There are 2 protein chains.
Amino acid sequence: MTIDDRALAFETALRRAGVRITRQRAALLRVLAATHDHPDATMLHARANEAGAGVSLATVYRTLSELESQGMINKVEFEGEPARFELADQRHHDHMIDVDTGEVMEFFNDRIEKLQAEIAAEMGYEIVRHRLDLYVRKLS
Amino acid sequence: MTIDDRALAFETALRRAGVRITRQRAALLRVLAATHDHPDATMLHARANEAGAGVSLATVYRTLSELESQGMINKVEFEGEPARFELADQRHHDHMIDVDTGEVMEFFNDRIEKLQAEIAAEMGYEIVRHRLDLYVRKLS
DNA sequence: GTGCATGCAAATGCTTTGCAATTAG
DNA sequence: CTAATTGCAAAGCATTTGCATGCAC
């Protein structure tokens with residue numbers, strides 16, 4: 001799926017949900033469709049405007065909320081920094097954060113997922129969602 | 001260890017670290033020593049003042065920072081709420097949050113801990129710290 | 001045309017900080 | 001005595017919101 005395809009898919013999904021596609025939203029969708037890292041609202045704002053879009057930060061926040069409640073992006077909150085965002089059209093995964101560089105990596109481990117569900121079940125609960133963040137340092 | 005013992009242990013550790021024990025700090029240490037839940041700064045402020053202490057919120061925050069950098073308490077940041085605090089003098093554990101009641105429970109699973117370390121090692125990293133939060137709902 | 005979306009600036013909520021007054025050791 | 005600590009009010013930061021104007025459909 002190309003960036004254009006993805007941006008178009010976003011637009012279609014939003015239209016279907018009764019959301020109007022404004023110039024600002026189209027620009028943000030394009031920026032998001034091209035995203036391979038974990039930018040925060042300010043970064044997305046900067047990227048949209050670098051592309052000549054003219055979008056206010058308030059609109060960035062409003063659009064991100066909308067996209068999140070549509071389930072199209074995920075908000076990721078690491079400790080002590082502004083919320084970051086990632087595309088939701090991927091398999092579930094957890095995050096590793098390099099404490100020296102700030103780099104965010106993704107990983108998935110099925111055994112951990114299963115163990116979490118078991119632990120919750122043993123205590124009489126089911127998991128609604130979970131967050132597993134590993135703050136790591138490169139081995140020397 | 002009683003609450004008084006614990007409060008005294010805190011004082012001793014702080015004095016040893018060259019931190020002065022003021023009336024305000026003593027009151028907060030007492031409140032913390034009696035803590036079995038996961039209060040935030042405002043709650044701790046309220047509890048200290050209910051006990052007739054006369055402590056400002058700024059001092060609560062400053063004391064919590066001090067205690068955290070001394071490794072005596074841990075700051076716990078759940079999604080979308082003010083930071084909470086817990087005593088550090090316990091075995092490491094993770095948290096389960098009941099999404100309906102807000103109740104916070106603790107659990108520990110050695111297999112999950114080991115798997116995390118293995119995953120990090122495979123990717124060439126060592127874990128500095130980690131956070132695992134399960135947002136759960138009671139099974140009906 | 002009509003109502004949803006925008007920009008702006010002000011408000012919010014949590015947390016930190018500058019500074020003059022106070023107090024622990 | 002004197003340097004650390006406090007309270008207060010102001011500032012900081014990320015995020016949200018009220019409102020008048022603008023624009024998508």
Side-chain angles (χ1 to χ4, degrees), chain A residues 7-8 10-32 38-49 51-70 73-85 102, chain B residues 7-8 10-31 38-46 48-49 51-70 73-85 102:
Chain A
L8 197 60
F10 279 157
E11 287 195 17
T12 308
L14 284 183
R15 264 185 235 277
R16 212 170 286 156
V19 175
R20 293 184 183 174
I21 305 304
T22 61
R23 175 181 54 78
Q24 292 87 334
R25 295 219 253 238
L28 280 167
L29 293 178
R30 183 153 299 277
V31 169
L32 282 166
H38 296 75
D40 61 27
T42 306
M43 290 164 161
L44 291 166
H45 180 227
R47 290 181 197 177
N49 286 323
V55 186
S56 73
L57 188 53
T59 292
V60 172
Y61 276 109
R62 280 189 277 232
T63 302
L64 290 171
S65 299
E66 184 62 46
L67 292 171
E68 201 203 1
S69 56
Q70 298 294 334
I73 60 173
N74 295 134
K75 185 195 276 192
V76 191
E77 294 178 38
F78 298 124
E79 293 174 0
E81 30 171 314
R84 297 168 178 243
F85 298 86
Chain B
L8 198 59
F10 278 158
E11 288 196 15
T12 308
L14 283 183
R15 263 186 237 279
R16 212 170 287 156
V19 175
R20 293 183 181 174
I21 305 304
T22 61
R23 173 180 55 77
Q24 292 87 336
R25 294 218 253 238
L28 280 167
L29 293 178
R30 182 154 299 278
V31 168
H38 296 76
D40 61 27
T42 306
M43 289 165 160
L44 291 167
H45 181 227
N49 287 324
V55 185
S56 73
L57 187 54
T59 292
V60 172
Y61 276 109
R62 279 189 278 233
T63 302
L64 291 172
S65 299
E66 184 63 45
L67 292 171
E68 201 202 0
S69 56
Q70 297 294 332
I73 61 173
N74 294 134
K75 184 194 277 192
V76 191
E77 295 178 37
F78 298 123
E79 291 174 0
E81 31 171 312
R84 297 168 176 241
F85 298 86

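We use all heavy atoms of the structure for the numbers below, so side chains are in, but hydrogens, waters and symmetry mates are not. These numbers come from a predicted model, not from an experiment. Quick note on labels: first sequence line is chain A, next is B, and so on, each numbered from 1.
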On a heavy-atom basis, which atom in [X] and which in [Y] lie closest, and how many Å separate them?
X: A/Arg84; Y: A/Gly102; result: NH2-O, 4.1 Å
X: B/Asp40; Y: B/Ala83; result: CB-O, 3.1 Å
X: A/Ala17; Y: A/Gln70; result: CB-OE1, 3.4 Å

Polar side-chain atom of A/Thr59 near backbone of A/Val55 as donor-acceptor pair, under 3.5 Å: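 Looks like no, no N/O pair under 3.5 Å.
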
Donor-acceptor contact present, side-chain B/Ser69 to main-chain B/Ser65, <3.5 Å: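 The answer is yes, because a donor-acceptor pair under 3.5 Å joins these two groups.
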
Where at least one partner belongs to residues 12-27 of chain B, residue pairs that pass salt bridge (charged side-chain N to carboxylate O under 4.0 Å, His left out), sequence neighbours excluded: B/Glu11-B/Arg15

Qualifying residues under side chain to side chain donor-acceptor pair (under 3.5 Å), relative to A/Glu68, sequence neighbours excluded: none

Residues forming a side chain to side chain donor-acceptor pair (under 3.5 Å) with B/Asn49, sequence neighbours excluded: B/His45

Contact list for DNA chain D against residues 77-85 of chain B - heavy-atom distance below 4.0 Å: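 Listed by number, there are none.
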
Degree of bending, the helix from C/dG1-D/dC25 to C/dG25-D/dC1 (end axes from five pairs; round to 10°):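 The value is 30°.
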
Sugar-phosphate only, base, or nothing, as touched by A/Gly18 at under 4.0 Å among non-hydrogen atoms: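 The residue A/Gly18 makes no contact with any strand.
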
Test side chain to side chain contact (heavy atoms under 4.5 Å, CB included) applied to A/Phe85 and A/His38, step by step: CA-CA 6 Å; A/Phe85 298 86; A/His38 296 75; over 6 Å; no

Interatomic distance where CE belongs to B/Met43 and C1' belongs to C/dC14 [whole Å]: 14 Å

Sequence-aligned protein contact record of nucleotides 16-25 of chain D, with B where the base is within under 4.0 Å of a protein heavy atom and S where only the sugar-phosphate is: BBB-----BS

4.5 Å side-chain heavy-atom contact, A/Leu29 and A/Leu8: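 Sidechains of A/Leu8 and A/Leu29: no contact.
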
